[in-house]
**Student:** 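There's a structure below that I have some questions on.
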Amino acid sequence: LRPEGTAGCVRAGIENGFLHNQIQRLWYAGPMFRHERPQKGRYRQFHQIGVEAFGIESADLDAELILMCMRLWRALGFDALTLQLNSLGTLECRTAYRRELVHYLETQRGKLDEDSLRRLDRNPLRILDSKNPAMQEIIAAAPNLFEHLDDASRAHFERLGDYLRQAGVVFTVNPRLVRGLDYYTRTVFEWTTDRLGAQSAVCAGGRYDGLVEQLGGKSTPAAGFAIGMERLAELLALQADSPQAVRPHGYLILLGEEAERQGLKLAESLRNAGLRIECNCGGGGLKAQLKRADRSGARHALLLGAEEARSGSITIKDLRDGSQRTLAQGEPIDLLLKETSRG
């Protein structure tokens with residue numbers, strides 16, 4: 001049962017020979033599994049969308065991955081996700097930092113919680129990511145990883161910050177962000193929300209330049225991210241009634257056999273022009289379809305009845321104030337866009 005997708009993606013690339021001396025941009029989606037106590041938003045079986053890119057070592061790739069995420073949030077109507085960034089440096093500088101961190105934590109052993117004691121030998125950097133309030137004072141006084149970065153890692157991180165600022169991306173540098181997997185190098189990032197309780201990370205990723213070689217391939221720079229689909233679904237449900245929710249511009253009401261025959265084609269032409277259209281399916285009278293239109297969240301109902309089907313027109317009804325007007329289906333689409341997206 002795979003715990004995550006990156007390692008399997010790398011193994012597939014090595015076995016099929018499409019990573020070395022090549023640039024590859026890949027994606028996948030599917031179920032993953034974790035052997036932990038289930039919590040809200042953190043289940044034994046969960047689903048991820050993963051993106052992995054190979055063969056590019058410069059910081060512009062890191063920025064492009066983050067911009068892909070931001071474009072998705074915008075498309076979904078999310079307005080409250082926060083981007084946190086950090087750099088873990090190379091394996092060499094992180095090893096030196098690990099020694100200093102372990103020495104510090106050993107002096108605090110009596111104050112460490114059970115999770116931290118377990119991580120102290122296996123993965124002490126994960127202690128920095130503890131959410132236990134009782135651990136925060138100890139974590140705040142821990143050595144700073146950023147001070148141990150080599151010059152190349154520091155320059156890489158500064159370039160990434162420049163790219164993101166140029167693109168208008170707001171971010172926070174979090175020196176305690178370490179991620180839970182050992183293969184990360186240099187850039188790590190998380191998109192987080194305060195709407196899901198303790199499980200705040202919706203998307204996370206970073207750079208893993210040593211993993212391909214570690215799994216038996218030739219040295220290949222790589223970076224990627226994964227999105228938790230269950231958490232996306234929870235966020236969508238939470239914002240369903242918010243003004244920022246992604247709603248259809250219009251609900252297409254179809255009355256009569258000829259209107260139903262023409263309806264799907266009309267809906268597609270409106271979608272091709274940039275409109276979000278929900279088309280009535282399953283028949284029903286005008287009253288029933290108007291109720292469906294109202295439940296869809298659309299501001300406007302687009303009525304196509306027998307008369308409109310014969311004349312090539314469409315009636316637009318404002319579901320808030322009840323006003324309506326009839327337009328020719330061939331009128332400029334920007335007018336339809338204005339009518340169906342205002343307010």
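Everything quoted here is computed from the prediction, not taken from an experiment.
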**Student:** Could you tell me the separation between the CG atom of Leu81 and the CZ atom of Arg74, rounded to the nearest 0.5 Å?
**Tutor:**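 Going from the CG atom of Leu81 to the CZ atom of Arg74 covers 12.0 Å.
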**Student:** Would Thr326 and Glu308 count as having a side-chain donor-acceptor pair, cut-off 3.5 Å?
**Tutor:**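 Short answer, no.
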**Student:** Using a 3.5 Å distance criterion without hydrogens, assess whether the side chain of Tyr97 forms a donor-acceptor pair with backbone atoms of Pro143.
**Tutor:**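 Yes, the answer is positive, given that a donor and an acceptor are paired below the 3.5 Å cut-off.
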**Student:** Is there a side-chain contact (heavy atoms from CB on, under 4.5 Å) between Asn174 and Leu85? Walk through the geometry before answering.
**Tutor:** CA-CA 6 Å; Asn174 178 1; Leu85 287 182; over 6 Å; no
**Student:** Do the side chain of Gln289 and the main chain of Gly284 share a donor and acceptor less than 3.5 angstrom apart?
**Tutor:**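 Judged by distance alone, yes, a pair lies under 3.5 Å.
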**Student:** Restricting to non-hydrogen atoms, name the atom on Ala63 and the atom on Leu160 that form the minimum distance, rounded to 0.1 Å.
**Tutor:**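 Smallest interatomic distance, heavy atoms only, reads N-CD1, 3.6 Å.
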**Student:** Of all the heavy-atom pairs spanning Cys281 and Arg292, show the shortest one and how long it is.
**Tutor:**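 Scanning both residues completely, I find the closest heavy atoms to be O-NH1, 3.6 Å.
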**Student:** Ignoring hydrogens and angles, tell me if any N or O in the side chain of Asp294 forms a donor-acceptor pair with the backbone of Gly297 under 3.5 Å.
**Tutor:**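 Here the side-chain-to-backbone pair does not exist.
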**Student:** Just how far is it from atom SG of Cys203 to atom CH2 of Trp73, taken to the nearest 0.5 Å?
**Tutor:**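 Interatomic distance, Cys203 SG to Trp73 CH2, rounded to 0.5 Å: 4.5 Å.
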**Student:** Keeping His249 on the side-chain end and Arg276 on the backbone end, is there a donor-acceptor pair under 3.5 Å?
**Tutor:**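 It does hold such a pair.
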**Student:** Please find the pair of heavy atoms, one from Leu304 and one from Gln262, that lie closest to each other, and give the distance.
**Tutor:**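 Looking at all heavy atoms of both residues, the closest pair is CD2-CB, 4.3 Å.
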**Student:** Measuring from atom CD of Glu100 to atom CG of Asn144, what distance do you get when rounded to the nearest 0.5 angstrom?
**Tutor:**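 These two atoms lie 10.0 Å from each other.
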**Student:** Run the numbers on Tyr28 and Thr6 for side-chain contact (heavy atoms from CB on, under 4.5 Å), then give the verdict.
**Tutor:** CA-CA 10 Å; Tyr28 52 83; Thr6 300; 3.8 Å; yes
**Student:** Does one hydrophobic cluster hold both Ile253 and Leu302, with members joined at side-chain heavy-atom distances below 4.5 Å?
**Tutor:**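 No, Ile253 and Leu302 fall in different hydrophobic clusters.
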**Student:** Supply the atom-to-atom distance His156 NE2 to Asp151 CG, rounded to the nearest 0.5 angstrom.
**Tutor:**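 The CG atom of Asp151 is 14.5 Å from NE2 of His156, to the nearest 0.5 Å.
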**Student:** Going through the checks in order, is the side chain to side chain donor-acceptor pair (under 3.5 Å) test met by Asn272 and Ser269?
**Tutor:** CA-CA 5 Å; Asn272 289 340; Ser269 68; over 6 Å; no
**Student:** Could you see if Ile277 belongs to whatever hydrophobic cluster contains Leu254? Use Ile, Leu, Val, Met, Phe, Trp, Tyr and a side-chain cutoff under 4.5 Å.
**Tutor:**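 They do share one cluster, since a chain of ILVMFWY contacts under 4.5 Å joins Ile277 to Leu254.
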**Student:** What are the two closest non-hydrogen atoms of Cys279 and Leu264, and how far apart are they?
**Tutor:**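 Reported closest heavy-atom pair: SG-CD2, 3.9 Å.
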**Student:** Looking at CE of Met229 and CD1 of Ile49, how far apart are the two atoms once the value is rounded to the nearest 0.5 Å?
**Tutor:**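 With rounding to 0.5 Å, CE (Met229) is 4.5 Å from CD1 (Ile49).
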**Student:** Any side-chain heavy atom of Thr193 within less than 4.5 Å of one from Phe78?
**Tutor:**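 A side-chain contact under 4.5 Å is absent here.
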**Student:** Listed by chain and number, what are the ring pair (Phe, Tyr, Trp, His ring centres under 6.0 Å) partners of Phe146, not counting sequence neighbours?
**Tutor:**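 Checked Phe146 against ring pair (Phe, Tyr, Trp, His ring centres under 6.0 Å); matches are Phe157.
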**Student:** Might you point out which heavy atoms bring Asp150 and Ser153 nearest each other, and give the distance in Å?
**Tutor:**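 Closest heavy-atom pair between Asp150 and Ser153: OD1-OG, 2.7 Å.
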**Student:** On a heavy-atom basis, which atom in Gln84 and which in Leu177 lie closest, and how many Å separate them?
**Tutor:**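 Minimum heavy-atom contact is O-CD2, 3.5 Å.
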**Student:** Checking side chain to side chain donor-acceptor pair (under 3.5 Å) for the pair Thr187/Asp62: CA distance, chi angles, key distance, verdict?
**Tutor:** CA-CA 7 Å; Thr187 304; Asp62 308 24; 2.6 Å; yes
**Student:** Please walk me through it: do Ser58 and Asp60 pass side chain to side chain donor-acceptor pair (under 3.5 Å)?
**Tutor:** CA-CA 6 Å; Ser58 52; Asp60 50 359; 2.4 Å; yes
**Student:** Are side-chain heavy atoms of Tyr251 and Leu319 found at a separation under 4.5 Å?
**Tutor:**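 They are not in side-chain contact.
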**Student:** Which donor-acceptor pairs under 3.5 Å do the side chains of residues 214-224 make with protein atoms, sequence neighbours left out?
**Tutor:**
residue : atom : partner : partner atom : Å
Thr220  : OG1  : Lys218  : O            : 2.8

**Student:** Could you state whether Leu235 and Met68 fall into the same hydrophobic cluster, counting links through intermediate Ile, Leu, Val, Met, Phe, Trp or Tyr residues with side-chain heavy atoms under 4.5 angstrom apart?
**Tutor:**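 Yes: a chain of side-chain contacts under 4.5 Å links Leu235 to Met68.
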**Student:** Going by the rule side-chain hydrogen bond (donor to acceptor under 3.5 Å, both in side chains), which residues pair with Arg271 if we only count those two or more places apart in sequence or in a different chain?
**Tutor:**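 Only Glu268 meet the side-chain hydrogen bond (donor to acceptor under 3.5 Å, both in side chains) criterion with Arg271.
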